[in-house]
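I have placed the structure first, in the form of structure tokens, so that the comments after it can refer back to it.
All values derive from a computational prediction rather than experimental measurement.
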Number of protein chains: 2
Amino acid sequence: MRRARKQINQMPTPTVENYLKHILVLSLESGSTEVSMGRVAKELLVTPGTATSMVKNLSQGGWLNYYPRKGVCLTRKGKKLAMNILRRHRLLETFLVETLGLDWSEIHAEAEELEHAISEKVLEKLDQFLGRPRQDPHGHPIPTKGGVINRPSSQALINCKAGMKVRIDSIVDQESNFLKFAREKRLLPGQEVRILQHEKEADAITLQVGKGSPFSMGSRSSEKILVRV
Amino acid sequence: MRRARKQINQMPTPTVENYLKHILVLSLESGSTEVSMGRVAKELLVTPGTATSMVKNLSQGGWLNYYPRKGVCLTRKGKKLAMNILRRHRLLETFLVETLGLDWSEIHAEAEELEHAISEKVLEKLDQFLGRPRQDPHGHPIPTKGGVINRPSSQALINCKAGMKVRIDSIVDQESNFLKFAREKRLLPGQEVRILQHEKEADAITLQVGKGSPFSMGSRSSEKILVRV
DNA sequence: GTATAAACTTTGACTAATCAAAGTCAAGTA
DNA sequence: TACTTGACTTTGATTAGTCAAAGTTTATAC
Ligand SMILES: [Mn+2]
Ligand SMILES: [Mn+2]
Ligand SMILES: [Mn+2]
Ligand SMILES: [Mn+2]
């Protein structure tokens with residue numbers, strides 16, 4: 001059913017869009033352009049065999065370069081499309097929270113579907129309507145129309161030393177329960193946080209959000225929160 | 001990729017949703033519950049063979065009853081889902097025009113994609129945000145959450161007699177150029193129209209919209225405009 | 001150096017959706 | 001009653017995307 005028309009100007013399928021977007025996010029998170037097949041398969045919740053076969057198609061289509069048993073690396077064309085999907089995803093998340101008032105713990109799944117259905121034209125109107133926001137409700141930067149992300153670098157909360165005073169940049173994890181916890185503790189983008197203690201061997205960090213009461217987090221949680229100094 | 005989960009609670013695919021919605025619209029337009037395979041195939045832009053095979057699956061799934069060489073007839077379950085898709089479609093169209101300011105001649109295609117990606121939760125918020133509208137920009141009634149359409153009956157403009165004063169109910173055709181023409185002539189839902197002449201054999205009707213200057217339309221066009229007295 | 005195991009690829013099978021083309025049916029015409 | 005024709009169905013093939021399970025490679029351990 002998906003708009004077929006002629007051989008000409010074949011739209012990428014939602015599956016293609018998802019693979020490219022997730023590969024982009026993985027490469028942004030790791031800081032390396034090359035992403036292993038194992039990570040691709042995990043991220044997309046498919047078996048390794050499926051990932052391999054799909055990645056071969058993507059390579060065929062010029063979306064990425066595939067280095068067998070090494071990994072994949074987006075081409076310029078692939079990165080451009082992936083950035084565009086990411087832009088759609090994050091603008092939609094912003095709309096769902098800002099305009100419709102949905103909870104930030106449930107918007108990710110919604111945007112995951114809508115990002116493949118929204119046209120360039122509607123996207124532009126939406127961007128305008130929202131006042132050209134620069135980040136989504138989780139604090140993630142929204143790529144520009146040109147497909148660029150630029151913003152101050154951030155570090156994981158777990159890497160902060162006692163005594164530091166930082167500001168929350170973004171929440172990496174999209175898992176619903178974690179997002180609910182984060183909101184409850186006021187761990188929201190923009191909030192100021194003071195690091196009270198950080199014992200490396202205890203694998204825990206104690207902090208104070210704004211003027212709230214102090215509490216502790218393990219590394220599992222606190223590596224999912226990015227901050228700036 | 002489309003959310004697969006377990007065998008449990010399998011979501012209908014966009015294709016299934018499209019078939020059911022179009023069959024519903026065809027049956028509403030014709031006033032008969034039974035719709036022929038030929039019309040189904042035409043409406044969905046697929047070959048007759050494709051329509052037959054798809055309709056068999058839908059029948060298998062309990063969405064409709066298939067009477068070979070006669071046609072199909074939605075079951076209660078099928079009608080309920082179809083009404084729900086129609087609701088999504090028309091609410092989305094309303095949103096695209098009212099909130100984002102898109103042109104009414106281009107929203108149909110957009111909504112055709114978005115209707116399959118929007119969740120029940122987002123739909124409810126959208127309905128609330130829009131102030132629970134009862135009709136879409138083309139004048140079509142928006143089914144209630146319960147899946148019901150009720151509204152005064154309407155007739156085609158072509159069937160009106162000279163001297164009648166009617167009000168435009170809705171525009172049946174979704175074709176972009178026709179919609180542009182309709183707007184140009186102020187043939188919009190709610191507008192008052194006076195029938196000046198109607199010569200059956202000339203296959204033309206002459207009318208005046210509001211206080212505008214009179215003009216004529218053939219039956220091809222004027223049967224696509226529904227009015228109330 | 002060989003053994004082991006994790007990571008990856010290949011193979012074979014399956015489902016949903018589609019088309020082209022061949023086949024069938026049923027109405028109306030002669 | 002037989003013929004013709006348009007509407008419909010069947011058949012066989014194709015594509016995208018997926019999994020299970022078998023096979024291969026490579027890094028590391030011993
Ligand atoms: Mn997605
Ligand atoms: Mn986000
Ligand atoms: Mn649709
Ligand atoms: Mn409409």
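At a threshold of 4.0 Å, the pair K125(B)-E120(B) does not count as salt-bridged, since none of the basic side-chain nitrogens sits closer than that to a carboxylate oxygen. Under 4.0 Å is where a charged nitrogen must lie from a carboxylate oxygen, and between D127(A) and R87(A) at least one such pair does. Look at R88(A) and E93(A) and you find no salt bridge, because none of the NZ, NE, NH1 or NH2 atoms lies under 4.0 Å from a carboxylate O. Taking the charged nitrogens against the carboxylate oxygens, E175(B) and K224(B) have no contact shorter than 4.0 Å, which rules out a salt bridge.
In this structure, E43(B) CD and N18(B) CG are separated by 10.0 Å, a value rounded to the nearest 0.5 Å.
Judged by atom type and distance alone, R69(A) reaches the base of dC8(C) through a side-chain donor-acceptor pair under 3.5 Å.
Using bins of under 30°, 30° to 60° and over 60° for the plane-to-plane angle, the ring pair W104(A)/H138(A) lands in the parallel bin.
To the nearest angstrom, P of dA17(C) lies 11 Å from CD of E17(B). When the C1' atom of dT14(D) is taken as reference, atom CD of Q10(A) falls 14 Å away, rounded to whole Å. Whole-Å rounding puts the K70(A) NZ to dT26(D) P distance at 8 Å. Distance, K42(B) NZ to dC8(D) C1': 13 Å, rounded to whole Å.
Residues from residues 33-41 of chain B lying near DNA chain D, meaning a heavy-atom separation below 4.0 Å, are S36(B), M37(B), G38(B) in numerical order. Residues of residues 51-64 of chain A having a heavy atom closer than 4.0 Å to DNA chain C, listed by number: T52(A), K56(A).
Between dG17(D) and T13(A), a contact under 4.0 Å exists linking OP1 or OP2 to a side-chain N or O. Between Y67(A) and dC8(C), a side-chain N or O to OP1/OP2 separation shorter than 4.0 Å is absent. Contact between the side-chain N/O atoms of T50(B) and the OP1/OP2 oxygens of dT18(C) is not found at any separation under 4.0 Å. OP1 and OP2 of dA16(D) both lie 4.0 Å or more from every side-chain N or O belonging to T15(A).
The listed nucleotides are dT18(D), dT18(C), dT9(C); the one nearest the side chain of V46(A) is dT18(D). Minimum atom distance to the side chain of V16(A) is reached by dG17(D), of the listed dT18(D), dT9(C), dG17(D).
The minimum heavy-atom distance between V166(A) and C160(A), with the atom names listed, is CG1-SG, 4.2 Å. Taking each heavy atom of G78(B) and L20(B) in turn, the nearest pair found is O-CD1, 4.4 Å.
Every residue meeting the side chain to side chain contact (heavy atoms under 4.5 Å, CB included) condition with V122(B), not counting sequence neighbours, appears here in chain and number order: L96(A), L100(A), L102(A), E110(A), I118(B), S119(B).
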